[in-house]
Amino acid sequence: MLKHLLRILFSAGLLVTGQASHAQTCRVNIGTNAQGTVSYMEVYEYDYVSEKPTFPGGDRNLMTFINATRNYPIDAYRKGIQGRVTCAFIVNTDGSVSHISVLRGVNPSLNKEAIRVLGEMPEWNPGKLNGKPVPVRVIWSVPFRR
């Protein structure tokens with residue numbers, strides 16, 4: 001019985017061993033090459049790096065940037081379509097932003113605008129793991145409200 005309980009706890013990740021924990025990574029689809037093979041990039045999850053990537057000036061400046069850059073698509077505005085487009089993107093080791101994708105969209109025109117706005121962001125301060133810059137996946141929402 002004890003063996004069975006320990007096996008369940010260990011497989012569920014509730015039992016910690018003496019080994020050092022590693023930062024959580026994920027694979028991000030970065031496109032298909034000429035031969036049709038899908039390529040992936042291994043990046044770190046935002047919550048698992050020792051220094052998180054930051055927008056110049058912090059989150060408040062990021063929202064100011066989004067609000068100043070965002071153009072509400074007129075057709076969606078007229079139809080009363082609103083909501084938050086949740087996107088994921090990579091902050092690379094040099095602070096550049098790449099591989100923007102919509103995780104939870106609202107409407108095709110709003111989704112496209114959210115990608116455009118995030119694609120125009122200036123370079124971020126890169127995330128670091130043990131003092132070394134690493135690529136980090138960030139999730140952020142772009143709001144559209146009438």
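Values in this document were obtained by computation on a predicted structure and should not be read as measured data.
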To the nearest 0.5 Å, tell me how far [X] [atom1] sits from [Y] [atom2].
X	Y	atom1	atom2	value
I115	I100	CD1	CD1	7.0 Å
I74	S109	CD1	OG	10.5 Å
C87	I139	SG	CD1	10.0 Å

Next on the checklist: With ring-ring contact (aromatic ring centres under 6.0 Å, His included) as the rule and sequence neighbours excluded, what pairs involving residues 96-126 come up?
Outcome noted: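 For residues 96-126, and leaving out neighbouring residues, the ring-ring contact (aromatic ring centres under 6.0 Å, His included) pairs sorted by first residue read F55-W124, F89-W124.
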Checklist entry - Is there any salt bridge (Lys or Arg N to Asp or Glu O under 4.0 Å) pair reaching into residues 29-47, and which pairs are they, with sequence neighbours excluded? => result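 Pairs touching residues 29-47 that pass the test: E45-R137.
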Checklist entry - What salt bridge (Lys or Arg N to Asp or Glu O under 4.0 Å) pairs are there with at least one residue in residues 80-92, not counting sequence neighbours? => result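 Output for this query is empty, none listed.
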Just wondering, do [Y] and [X] contact through their side chains at under 4.5 Å, heavy atoms?
X	Y	answer
V97	L118	no
L103	W140	no
Y46	K52	yes

With sequence neighbours excluded, what pairs up with [X] under the salt bridge (charged side-chain N to carboxylate O under 4.0 Å, His left out) test?
X	value
E120	R116
K112	none
D75	K79
E123	none

Name each donor-acceptor pair under 3.5 Å that joins a side chain in residues 62-71 to protein atoms two or more places apart or in another chain, with its distance.
| residue | atom | partner | partner atom | Å |
| --- | --- | --- | --- | --- |
| T64 | OG1 | R60 | O | 3.0 |
| N67 | OD1 | R70 | NH1 | 3.1 |
| N67 | OD1 | R70 | NH2 | 2.9 |
| N67 | ND2 | M63 | O | 3.2 |
| T69 | OG1 | F65 | O | 2.7 |
| R70 | NH1 | P143 | O | 2.7 |

Next on the checklist: Closer than 3.5 angstrom, by distance alone: can the side chain of N111 be matched with the main-chain N or O of V102 as a donor-acceptor pair?
Outcome noted: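 Pair absent, no side-chain N/O of N111 close to backbone of V102.
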Checklist entry - Between the main-chain N or O of K128 and the side-chain N or O of S50, is there a donor-acceptor pair closer than 3.5 Å? => result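 Confirmed, S50 side chain pairs with K128 backbone.
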For [X], what residues pass the side chain to side chain contact (heavy atoms under 4.5 Å, CB included) criterion, not counting sequence neighbours?
X	result
K132	none
D94	N92, S96
T37	N33, Q35
Y72	A76, Y77, Q82, L110, F144, R146

Next on the checklist: V136 vs I90, test: side chain to side chain contact (heavy atoms under 4.5 Å, CB included). Steps then yes/no.
Outcome noted: CA-CA 6 Å; V136 179; I90 306 302; over 6 Å; no
